Amino acid sequence: MQAHTYEDVLNFVDEENIKFIRLAFFDVFGNQKNIAIMPGELRRAFEVGISFDASAITGFGEEVKSDLFLKPDPTSLSIIPWRPLDGGVCRMFCDICYPDGTPFEKDTRYMLRRAVRTARESGISVNIGPEIEFYVFKLDDKGEQTQEPIDHASYMAVAPADRGENLRRDICFTLLEMGITPEASHHEQGPGQNEVDFRYSDPLTSADNTTMFKWAVRNLADQNGMWADFSPKPLRDAAGNGMHLNMSVKSTDGTDYTDSFMAGIMRHIKEITLFLNPTPKSYERFGQLEAPYYISWSDENRSQLIRIPADPSGGRRIELRSPDPMANPYLAYTLLIYAGLDGISRKMAPERPMNINLYRADPDLTGKLEKLPSHFEEAVQYAVDSEFVRKHVSEECLAAYCHRDR
């Protein structure tokens with residue numbers, strides 16, 4: 001359902017017999033929050049907003065003047081397919097505002113809108129398509145989570161070895177009902193590990209779809225007696241979960257800025273890794289089983305931080321391989337866009353490509369390469385010391401990441 005106005009939403013709610021409307025927003029870590037309202041409250045939501053206590057949301061502020069308001073974005077209207085169809089439930093993402101209606105600058109969804117606008121004003125558009133990995137584990141007889149994978153299948157296996165096939169099918173059908181089109185899905189390398197890929201779209205749509213995807217996966221897994229784990233390293237001796245980001249850069253004047261955009265990301269990657277890989281477990285994934293460790297790039301090479309995938313059509317995009325699914329996509333995309341724009345504005349050029357397998361390379365060579373932060377505390381220090389981060393991330397948000405529960 002594509003709505004554009006309050007009236008569109010009202011008509012949809014009436015025609016589909018919607019009884020609850022979830023107004024969704026996100027804390028600084030990308031965790032979804034929501035308040036449910038009845039249809040009779042929709043006009044107030046659109047005109048005035050629905051208030052909430054910002055001091056109770058991580059990174060939003062303290063108790064003084066803590067009232068903020070949620071105003072629904074009608075273009076984000078979506079049915080929730082796993083809820084009852086008769087007397088159903090729909091969801092809209094919300095803009096967060098101060099009582100006077102001005103945008104709340106610490107809302108990461110608003111931050112991404114602002115980054116996209118800055119790029120557009122510079123004649124640049126960015127499209128992003130994520131590839132998201134997750135493990136599926138069994139629940140025990142009491143419904144408690146276990147660390148027992150649902151299968152021990154291998155990369156791109158098929159049923160019956162692949163026991164996630166039906167779940168991935170249900171996920172894809174559910175996403176389609178929500179207006180989200182997945183591009184591909186398959187079993188990944190780890191036991192019980194799966195991947196769903198999305199075609200590129202504008203950054204805000206991509207981030208919205210990513211958060212909805214994770215929510216849908218967790219709900220559908222739970223309904224099938226399983227649980228989905230998006231953490232970066234669920235099993236010590238198995239592949240970690242990545243969230244590879246495919247990014248394409250276009251300019252209004254036709255100039256190919258891909259190299260400069262990539263150079264900007266590589267220039268700032270150590271400073272922003274805290275936000276792309278926000279948990280201590282994130283750093284156990286680096287350097288293992290196709291997860292990067294060195295700050296390098298190459299064509300068609302999965303041992304690199306960035307690879308340029310082969311494209312028979314002649315298109316050119318970059319695939320950033322370091323982020324993991326625990327990242328807040330709104331904040332991650334924001335920082336990557338600003339980093340890329342910095343590379344373009346400074347006319348940066350990337351170092352020469354490393355056309356070798358870095359996992360098997362001579363230590364004399366790899367010892368000369370810059371590395372991603374090797375542990376959480378190092379990533380924190382890079383972020384704290386970064387003028388780039390402080391320019392684009394609020395003090396409250398940075399503090400929340402630095403002191404996140406370990």
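Here the structure is a predicted model, which is why all the values come from computation and not from measurement.
- Of the N and O atoms on the side chains of Tyr98 and Glu105, at least one donor lies less than 3.5 Å from an acceptor on the other residue.
- Going from atom CD of Glu15 over to atom CD1 of Ile18 covers 10.5 Å, rounded to the nearest 0.5 Å.
- Remark: Ser55 OG to Asp67 CG distance equals 9.0 Å, nearest 0.5 Å.
- Taking every heavy atom of both residues into account, Ala339 and Phe388 meet most closely at N-CZ, 3.5 Å.
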**Report entry** Full working for salt bridge (charged side-chain N to carboxylate O under 4.0 Å, His left out) between Glu165 and Arg163
**Finding:** CA-CA 6 Å; Glu165 197 172 79; Arg163 296 182 179 174; over 6 Å; no
Query - Residue pair Ile318, Val249: steps toward the side-chain contact (heavy atoms from CB on, under 4.5 Å) verdict - result: CA-CA 9 Å; Ile318 68 174; Val249 184; over 6 Å; no
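- Looking at Ser386, its side chain never comes within 3.5 Å of a backbone N or O of Tyr382 through a donor-acceptor pair.
- For the ring pair (Phe, Tyr, Trp, His ring centres under 6.0 Å) with Trp215, the lone residue among Phe230, Phe93, Trp82 that qualifies is Trp82.
- Of the possible polar contacts, none joining the Glu16 side chain to the Phe12 backbone as a donor-acceptor pair under 3.5 Å is found.
- Side-chain contact between Ser51 and Leu68 is absent, with no heavy-atom pair separated by less than 4.5 Å.
- Residue Arg168 qualifies as enclosed at atom CZ: its count of foreign heavy atoms under 6.0 Å is above 12.
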Query - Residue pair Glu387, Arg390: steps toward the salt bridge (charged side-chain N to carboxylate O under 4.0 Å, His left out) verdict - result: CA-CA 5 Å; Glu387 291 184 12; Arg390 292 190 176 277; over 6 Å; no
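- A salt bridge links Glu183 to Arg199: one of the charged nitrogens lies within less than 4.0 Å of a carboxylate oxygen.
- Listed for the Glu284 side chain is no donor-acceptor partner under 3.5 Å among the backbone atoms of Pro280.
- A cation-pi geometry, defined here as NZ or CZ lying under 6.0 Å from the six-membered ring centre and within 45° of its normal, does not hold between Arg22 and Phe20.
- With hydrogens and angles left out, the side-chain atoms of Asn241 and Gln193 include a donor and acceptor closer than 3.5 Å.
- By the 4.5 Å heavy-atom criterion applied to side chains, Ile128 and Ser201 are not counted as neighbours.
- Asn328 and Val28 make their closest contact through ND2-O, 3.0 Å (heavy atoms, listed as atom of the first residue, atom of the second, distance).
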Report task. Decide yes or no on side-chain hydrogen bond (donor to acceptor under 3.5 Å, both in side chains) for Lys33 and Asn31, but give the supporting numbers first. Result -> CA-CA 6 Å; Lys33 308 290 183 180; Asn31 297 317; over 6 Å; no
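- Other residues, nucleotides and ligands contribute at most 12 non-hydrogen atoms within 6.0 Å of the CD atom of Glu351.
- Side-chain contact between Met111 and Leu331: present, with at least one pair of heavy atoms (C-beta onward) separated by less than 4.5 Å.
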**Report entry** Residues Ser248, Tyr200; criterion side-chain hydrogen bond (donor to acceptor under 3.5 Å, both in side chains); working and verdict
**Finding:** CA-CA 8 Å; Ser248 64; Tyr200 66 83; 5.7 Å; no
Requested in this report: Please assess Phe26 against Tyr330 for the test ring pair (Phe, Tyr, Trp, His ring centres under 6.0 Å), listing each intermediate value before the final yes or no.
Outcome: CA-CA 9 Å; Phe26 302 90; Tyr330 300 101; 5.0 Å; yes
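- Results of the salt bridge (charged side-chain N to carboxylate O under 4.0 Å, His left out) test with Arg113 over Asp95, Asp208, Asp202, Asp107 single out Asp95 as the only residue that passes.
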Requested in this report: Walk me through it: do Phe213 and Phe198 pass the test ring pair (Phe, Tyr, Trp, His ring centres under 6.0 Å)?
Outcome: CA-CA 10 Å; Phe213 163 75; Phe198 294 87; 5.3 Å; yes
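- Residue Arg169 qualifies as enclosed at atom CZ: its count of foreign heavy atoms under 6.0 Å is above 12.
- Paired with Phe104 under the rule side chain to side chain contact (heavy atoms under 4.5 Å, CB included), one option of Phe60, Tyr110, Phe25 passes, and it is Phe60.
- Nearest heavy atom pair, residue Leu336 against residue Phe261, reads O-CZ, 3.8 Å.
- Residue His403 holds its NE2 atom at 13.5 Å from OG1 of Thr58, rounded to the nearest 0.5 Å.
- Within a 6.0 Å sphere centred on CG of Asp311, heavy atoms belonging to other residues, nucleotides or ligands number more than 12.
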Report task. For the pair Lys106 and Glu396, evaluate side-chain contact (heavy atoms from CB on, under 4.5 Å) and give the outcome as yes or no after the intermediate values. Result -> CA-CA 8 Å; Lys106 299 168 193 172; Glu396 292 86 352; 3.1 Å; yes
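- Here CE of Met38 is found 9.0 Å from CD of Glu41. Values are rounded to the nearest 0.5 Å.
- Counting only heavy atoms from C-beta outward, the side chains of Leu42 and Ile37 approach each other to under 4.5 Å.
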Query raised in the report: Going through the distances and angles, do Asn194 and Glu133 end up as a side-chain hydrogen bond (donor to acceptor under 3.5 Å, both in side chains)?
Result: CA-CA 6 Å; Asn194 299 265; Glu133 297 170 342; over 6 Å; no
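- Not less than 6.0 angstrom separates the ring centroid of His268 from the ring centroid of Tyr338.
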Query raised in the report: After noting the C-alpha distance and the side-chain angles of His187 and Asp151, does the key distance pass the side-chain hydrogen bond (donor to acceptor under 3.5 Å, both in side chains) rule?
Result: CA-CA 10 Å; His187 198 284; Asp151 63 39; 2.9 Å; yes
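- For an aromatic pair to be called close, the ring centres must be under 6.0 Å apart, and Tyr6 with Phe46 satisfies this.
- Interatomic distance, NZ of Lys233 versus NZ of Lys281, reported as 9.0 Å (0.5 Å rounding).
- Summarising the geometry of Ala45 relative to Pro72, their closest heavy-atom pair is O-CD, 3.4 Å, with the distance given to 0.1 Å.
- Two residues are said to be in side-chain contact when any heavy atoms from C-beta on lie closer than 4.5 Å; Ile132 and Glu195 fail this criterion.
- Residues Phe275 and Ala383 come closest through the heavy atom pair CE1-CB, 4.2 Å.
- Rounding to the nearest 0.5 Å gives a distance of 8.5 Å between OG of Ser298 and CD1 of Ile308.
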Query - ring pair (Phe, Tyr, Trp, His ring centres under 6.0 Å) evaluation trace for Phe69 with Phe52 - result: CA-CA 6 Å; Phe69 289 79; Phe52 71 99; 8.3 Å; no
Query - Worked check of salt bridge (charged side-chain N to carboxylate O under 4.0 Å, His left out) between Asp342 and Arg346 - result: CA-CA 6 Å; Asp342 189 45; Arg346 296 174 185 266; 2.7 Å; yes
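- Across Ile171 and Leu220, no two heavy atoms sit closer than the pair CA-CD1, 3.7 Å.
- In this structure, Tyr135 and Phe137 have parallel ring planes: the angle between them is below the 30° cut-off, well short of the 60° mark.
- Between the side chains of Asn219 and Gln223, not a single donor N or O lies within less than 3.5 Å of an accepting N or O.
- Ile124 has its side chain out of reach of Thr118: every pair of non-hydrogen atoms, C-beta onward, lies at least 4.5 Å apart.
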